[in-house]
*Asks:* 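This is the structure I want to talk about, given as structure tokens.
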Protein chains: 2
Amino acid sequence: MNVEKPRKRRGAGRVTLNAVARAAGVSAITVSRYFNQPEQVSPERRERIAAVVAELGYVPNLVAGGLASARGKIVGMVIPNISGPIFANTIQGFSDTLSRHGYQLLLASSYFDIEQEENAVRAFLGWSPAALVLTSHFHSEGTEKMLAEADIPVIETWDYQPEREPMQIGFSHFEVGVTAARHLLKKGYQRIAFVQNSAPGDFSALERRDGYAATVREAGREPWIFAPDADRAPFEAGKQAMDALMNASPRPDAIIFANDNLAAGGLLAGQRAGIKIPADCAVLGFGDYPFAEMLLPSLSTIKPPALEIGVLAATRVLESLGVLPSDEVQRLNLLRCQVIERESI
Amino acid sequence: MNVEKPRKRRGAGRVTLNAVARAAGVSAITVSRYFNQPEQVSPERRERIAAVVAELGYVPNLVAGGLASARGKIVGMVIPNISGPIFANTIQGFSDTLSRHGYQLLLASSYFDIEQEENAVRAFLGWSPAALVLTSHFHSEGTEKMLAEADIPVIETWDYQPEREPMQIGFSHFEVGVTAARHLLKKGYQRIAFVQNSAPGDFSALERRDGYAATVREAGREPWIFAPDADRAPFEAGKQAMDALMNASPRPDAIIFANDNLAAGGLLAGQRAGIKIPADCAVLGFGDYPFAEMLLPSLSTIKPPALEIGVLAATRVLESLGVLPSDEVQRLNLLRCQVIERESI
DNA sequence: ATTCGCGATGTTAGCGCTAACAATGCGCGT
DNA sequence: ACGCGCATTGTTAGCGCTAACATCGCGAAT
């Protein structure tokens, strides 16, 4: 006499939605609605279900939900690097805004490598995310193809190329260069130099340089661009630049550095060489890294809207998904940078 | 004559594993094995399947896989904050190590708030993650309960409390305080002060203080602890501390700051007051924040193994899951901090 | 020749949830 | 009284994948 024993036993005894439904004396779909469209459930049942959920310690299985509804409450973000002072704020703003609305963040870093980006995008798509957020607009063919087929909102951040199709949130690096140069010109500086970023592949920094160049040219002066050795770390490159520029004659009376790391190096080298900043030479950075206010003299810089980009990206995602209200989701979102004047100008 | 049309149509025409199987002339499970245990599939079929996968652009649906196998290739991490200079490296190391083995990172921040942590843990558990990584050992009751029931590897990082049950990866903050004090004593400093962190809730900083206190006492001296106002930002608190200590008589000849932000403030205030560092007074920080080498004088500090914690956490997770080999996964992992000597000592 | 073991492959039955459709009951206007 | 619309609840059929078991074929061991 064989006992017909069931052959499978996988789900490890977790409390399921069905168990809750049974205990509450309603059907499964009602419990499902309680979680997803509570306004469709009568108050009495809501209370009943809430009690059972608390009692059994039910945790909704989002995986099953995601499979059934073909769209999970999860959003992927690929960022060049997590630990840099720049992107960290964007991640923070993004993550916080999302989680406030019950969405989870899947994160991966690409290190400016489009193949790593492609791998991350592929893996993310496997989780059927509600949306994807990428950095910059330069992707591999494979990535572009997958994104086109995925049929979910895709947002590109930090870079701003209005002619591209996907939703964009960023600011104009060219404009930053213009702002920097114009700001110094207005303050009466005459010989303004620009120190380029030593890291290859940072195309945004080149746009800032171009903005600077166009502006000084417009003011009837020749651009003066110093390019440090490509193999130096930013801080060292900044020192090199300052040393070289201070040996020129005539010297520049103001220097725009492509970022705050370079500027910090410049500040230090200047000080070691006995240059008075800003009396002998003004220094302006970009990024408003946390240390900018801690240097001596404290570093004037241009602050990019890092946190805002993250928050706005999340907002646009939630709008696209109908979680937040909006008549029509804006495709282009141009933010502004801010000049932070401290002592080095 | 009614045409029996199927009633559902959800999956939006995505390429499925079944489609691949059909096109390759094998069964679905063989394709599944091709992805998960390729060594179990004969080389000929592997090739065949690979070709079809590429041709159709198949992207495995990890949600379905996760549901079927009751354990997704995804790992959750809850960290106090993403943008701080401390934890960013841990996230980076963790994320990179995981993704190298095909696991994805779910990230959330708690802002040192155990209720936010609980929410994050609940949401993460809904994705049936393969493991969870938390920061510190102080959790809400609800969190503890969920973790106990979840039956997955849980790792607590940064803090190190050997008596606790879960796997731990961190270092001893007390030991950091001891190291700092001992290092300065050995260099011949006589009157060593300690500046406490102004932020309430940073219990680790208090342990460092206690390590310092125990060590100087052991050397026959009285601990000298300065506590800045609790409502000041760290940088400002550091300034306040330096000003106060420099007005004492006799002055301390060395100061340990609870972290680099405080130390940077101290350095600046010292300089403004005409104090020669390190000749008049040495300064030692903690954290090795990125700006430490950029200050003038550059800041000597104690560098915590932030990146290593992340990498090791990921390694232990992968070992627990059998992805990486290991006879027996170590439950306790004590890492060491490193004294970085620059100019301020 | 028969058995055994083992590697490669296939069949079946869900995993836990939700979309789509169905049904029910109630108040309302005619 | 009847039909209609609306709010609430239920029924059914999967979503795409993999665990568990079943099968098949072939060489080695007996």
Side-chain angles (χ1 to χ4, degrees), chain A residues 2 4-49 53 56 58-74 125-128 130, chain B residues 4-22 24-49 53 56 58-74 125-128 130:
Chain A
N2 277 333
E4 282 284 328
K5 62 167 188 238
R7 168 163 143 224
K8 322 268 173 130
R9 191 76 31 106
R10 279 183 281 184
R14 215 174 127 156
V15 181
T16 70
L17 182 141
N18 260 297
V20 174
R22 228 173 300 120
V26 299
S27 73
I29 193 71
T30 303
V31 181
S32 170
R33 287 193 185 113
Y34 164 77
F35 281 105
N36 299 311
Q37 301 116 30
E39 72 284 356
Q40 286 188 25
V41 179
S42 66
E44 308 87 66
R45 291 189 202 222
R46 280 214 283 266
E47 229 171 280
R48 181 101 193 72
I49 294 172
V53 165
L56 299 184
Y58 170 65
V59 178
N61 184 331
L62 302 175
V63 179
L67 180 59
S69 65
R71 196 99 303 164
K73 289 193 142 199
I74 195 169
L125 285 179
W127 288 100
S128 35
Chain B
E4 282 284 328
K5 61 165 193 243
R7 164 164 147 227
K8 323 268 176 131
R9 190 75 31 104
R10 279 183 281 183
R14 213 175 129 155
V15 181
T16 70
L17 182 140
N18 261 297
V20 174
R22 229 173 297 120
V26 298
S27 73
I29 193 73
T30 303
V31 181
S32 170
R33 288 194 183 112
Y34 164 78
F35 281 105
N36 299 311
Q37 302 115 29
E39 72 284 355
Q40 287 187 24
V41 178
S42 67
E44 309 90 66
R45 291 190 201 220
R46 279 215 283 264
E47 232 171 277
R48 181 100 194 74
I49 293 172
V53 165
L56 299 184
Y58 169 65
V59 178
N61 185 330
L62 302 175
V63 179
L67 180 58
S69 64
R71 195 99 302 163
K73 289 191 142 199
I74 197 169
L125 285 178
W127 287 101
S128 36

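In what follows, every heavy atom counts, from backbone to side chain, and hydrogens, waters and symmetry copies are set aside. So that the names make sense, note that chain A is the first sequence line, chain B the second, and so on, each numbered from 1.
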*Asks:* With DNA chain C as reference, determine whether B:S42 or B:L67 sits nearer its 5' end, using the nearest nucleotide of each.
*Replies:* B:S42
*Asks:* To the nearest angstrom, how far is A:I49 atom CD1 from D:dT8 atom P?
*Replies:* 13 Å
*Asks:* Let me know the distance between CZ of B:R45 and P of C:dA8, rounded to the nearest Å.
*Replies:* 11 Å
*Asks:* Name every residue in residues 27-36 of chain B that has at least one heavy atom under 4.0 Å from any atom of DNA chain C, in order of residue number, or write none if there are no such residues.
*Replies:* B:S27, B:I29, B:T30, B:R33
*Asks:* With the side chain of A:V26 defined as its heavy atoms from C-beta on, choose the nearest nucleotide among D:dG10, C:dC17, C:dT9.
*Replies:* D:dG10
*Asks:* Report all side-chain donor-acceptor pairs from residues 27-47 of chain A shorter than 3.5 Å, counting only partners two or more places apart or in another chain.
*Replies:*
unit_1 : atom_1 : unit_2 : atom_2 : d
A:S27  : OG     : A:T30  : OG1    : 3.2
A:N36  : ND2    : A:S32  : O      : 3.1
A:R46  : NH1    : A:P38  : O      : 2.5
A:R46  : NH1    : A:V41  : O      : 2.8

*Asks:* If you look at every heavy atom in B:V63 and A:G66, which pair is closest and at what distance?
*Replies:* CG1-C, 4.0 Å
*Asks:* Does C:dG16 have OP1 or OP2 sitting under 4.0 Å from an N or O in the side chain of A:R14?
*Replies:* no
*Asks:* Does B:N61 reach the side chain of B:T16, with side-chain heavy atoms less than 4.5 Å apart?
*Replies:* no
*Asks:* Rounded to whole Å, please give me the gap between CG in B:N61 and P in D:dT18.
*Replies:* 9 Å
*Asks:* Could you tell me the separation between the CH2 atom of B:W127 and the P atom of C:dG16, rounded to a whole number of Å?
*Replies:* 16 Å
*Asks:* Within this structure, what is the CD-to-C1' distance between A:E39 and D:dT8, rounded to whole angstrom?
*Replies:* 12 Å
*Asks:* Taking side chain to side chain contact (heavy atoms under 4.5 Å, CB included) as the test, write out the residues that go with B:A24, two or more places apart.
*Replies:* B:V26, B:R48, B:I49, B:V52
*Asks:* At 4.0 Å (heavy atoms only), tell me whether B:V63 reaches a base, stays on the sugar-phosphate, or touches nothing.
*Replies:* nothing
*Asks:* Rounded to whole angstrom units, what separation is found between the CZ atom of B:R71 and the C1' atom of C:dC15?
*Replies:* 12 Å
*Asks:* Could you give the angle between the helix axes at the two ends of the helix from C:dA1-D:dT30 to C:dT30-D:dA1, with five pairs per end, rounded to 10 degrees?
*Replies:* 40°
*Asks:* Over all heavy atoms of both residues, which pair between A:R14 and B:G126 is shortest? Give the atoms and the distance, please.
*Replies:* NH2-CA, 4.1 Å
